[in-house]
Enquirer: 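One structure, as structure tokens, below. Some questions next.
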Amino acid sequence: MTSYFADISPVSYAPTDAPDADGLSFRHYDPSEVVGGKSMQDHLRFAVCYWHNFVGDGSDPFGGQTFDRPWFPADTMDLAKRKADDAFEMFRILGVPFWCFHDHDIRPEGASLRESHDRLNEMADYVGEKMENGGPKLLWGTANMFSNPRYMSGAATNPNPDVFAYCASTVKSCMDVTHRLGGENYVLWGGREGYETLLNTDLNREQQQAGRFLQMVVDYKHKIGFKGAILIEPKPQEPMKHQYDYDVATVYGFLKRFGLEDEVQVNVEQGHAILAGHSFEHELAMARTLGLFGSIDMNRNDYQSGWDTDQFPNNAPEAALAYYEVLKAGGFTKGGTNFDAKLRRQSLDPIDLIASHVGGMDVCARGFKAAHAMLADGALEGPRDARYASWNSADHLTTGKTLEDVAAFAEKHNLDPQPTSGRQEILENIVNRYV
Ligand code: 3MF
Ligand code: MG
């Protein structure tokens, strides 16, 4: 068998002034470069996703398949193995330390639930061997509970309890495989956990089902001794009109409601943040503040289309502000930088799959280094601390003071606070010097 990537050599770091005819070397990402006592590889923990790269066929709502891959239609175990061979070859070329998958990406669905599990286990053995023979580690596994029509009205939130049970079996088998492959996290994205119209929806019942399901997942994780993190990936809408895991703050409310806030963290995606009307850094700051920070999907949306376009990152200043929040959260422990990104419909060739990741990794590395320098220099923290400094000596406001106490202070001193500049443009200029 000839590899799909046969003509492409492993990507390596080349300093910015070195010749780079094919554009396939890193200019900013040197995996072994040590920044702040840790290698860039260990800081960024890049992961390549299986679904967009090896399942995606270039289709969009207006037209079908444009990509031609040797493993398509991947509906037999032989083709699934061929797909895995090429996938792991691509991981090798990119030199990434991690990958991610849905059950549905690595095995063709069986004729029965049992057959689907058997196939998943067989494929896990197959990829497990590649992982052991120098392949990347598993950042996370997850189950696709949104593509098949059985999930059309929800997965765990479905009105039909048999779908809830089907999901329990699917997630159980997928957690088992993730655990067996040494996965560092298990992700739940509530693709169809939401609704189209309240006219047919019992919102409270559906949320109770989602809470119960998550509790079962957490219990099972402890039962099998899975040490990875359970991560929810917030998204406001698409495919459903309303999704229960709208954004980080909504997920926090949901977790608190079911007493799971210490058991579950979030996988924050840039494109989902944009769909929710937030910036990526807002969602990351919220996750950090609420103690929920886990991992990131580093793929942007188009700012005009209003869809989840899952594009590779190409904006270093945006990446810098995102990694700034990651660093403030203490950096990644179990999490990492996953590209949940797909090629544009016209990007047909093997080289497009490689170049997209090379560019994305370079943008992240460039942003990361800027973020690290900003933090190390106190470039933003200094002015921010200064802005709140008066609180350090505000004895009249110490905890325990009542509304009357504080009011009395204001009245005694006849306070007349004067506005001060927020210095936004100056701070933006500072950021620009780093990126
Ligand atoms: C959808 C997503 C998902 C999740 C993944 C985890 C298909 O918008 O971002 O990608 O990352 O499904 O289930
Ligand atoms: Mg995602």
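Owing to the predicted nature of the structure, the values given are computational and were not obtained by experimental measurement. When a residue number appears, it is its place in the shown sequence, counting from 1. All ligand and atom numbering here is 1-based and tracks the order in the structure.
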Enquirer: Any idea how His278 and His282 line up, ring-wise: parallel (<30°), tilted (30 to 60°), or perpendicular (>60°)?
Expert: parallel
Enquirer: Verify whether the ring centers belonging to Phe312 and His357 lie closer than 6.0 Å.
Expert: yes
Enquirer: Protein N/O/S atoms under 2.8 Å of the Mg ion (ligand 2)?
Expert: Glu233 OE2, Glu269 OE1, Asp297 OD2, Asp340 OD2
Enquirer: A quick test of your reading: do over 12 heavy atoms of other residues, nucleotides or ligands sit less than 6.0 Å from CD of Glu129?
Expert: no
Enquirer: How are the rings of Tyr4 and Trp71 set to each other: parallel, tilted or perpendicular (split at 30° and 60°)?
Expert: perpendicular
Enquirer: Examine the side chains of Asp78 and Thr76 and answer whether a donor and an acceptor come within less than 3.5 Å of each other.
Expert: no
Enquirer: Which pairs of nitrogen or oxygen atoms, taken one from ligand 1 and one from the protein, are under 3.5 angstrom apart?
Expert:
from	atom 1	to	atom 2	distance (Å)
ligand 1	8 (O)	Lys235	NZ	2.9
ligand 1	8 (O)	His272	NE2	2.8
ligand 1	8 (O)	Asp308	OD2	2.9
ligand 1	9 (O)	Glu233	OE2	2.8
ligand 1	9 (O)	Glu269	OE1	2.8
ligand 1	9 (O)	His272	NE2	3.1
ligand 1	9 (O)	Asp340	OD2	2.6
ligand 1	10 (O)	Trp51	NE1	3.3
ligand 1	10 (O)	Asp340	OD2	3.1
ligand 1	11 (O)	Glu233	OE1	2.9
ligand 1	11 (O)	Glu233	OE2	2.9
ligand 1	11 (O)	Asp297	OD2	3.1
ligand 1	11 (O)	Asp340	OD2	2.8
ligand 1	12 (O)	His102	NE2	2.6
ligand 1	13 (O)	His102	NE2	3.2

Enquirer: What do you reckon, are the aromatic ring centroids of Phe101 and Tyr50 less than 6.0 Å apart?
Expert: no
Enquirer: Ring-plane angle category for Phe91 and Trp99, please: parallel below 30°, perpendicular beyond 60°, tilted otherwise.
Expert: tilted
Enquirer: With a 4.0 Å cut-off on N to O distance, would you call Arg69 and Asp57 a salt bridge?
Expert: no
Enquirer: Test your reading of the model: is there a side-chain donor-acceptor pair from Asp362 to the backbone of Arg27, 3.5 Å cut-off?
Expert: yes
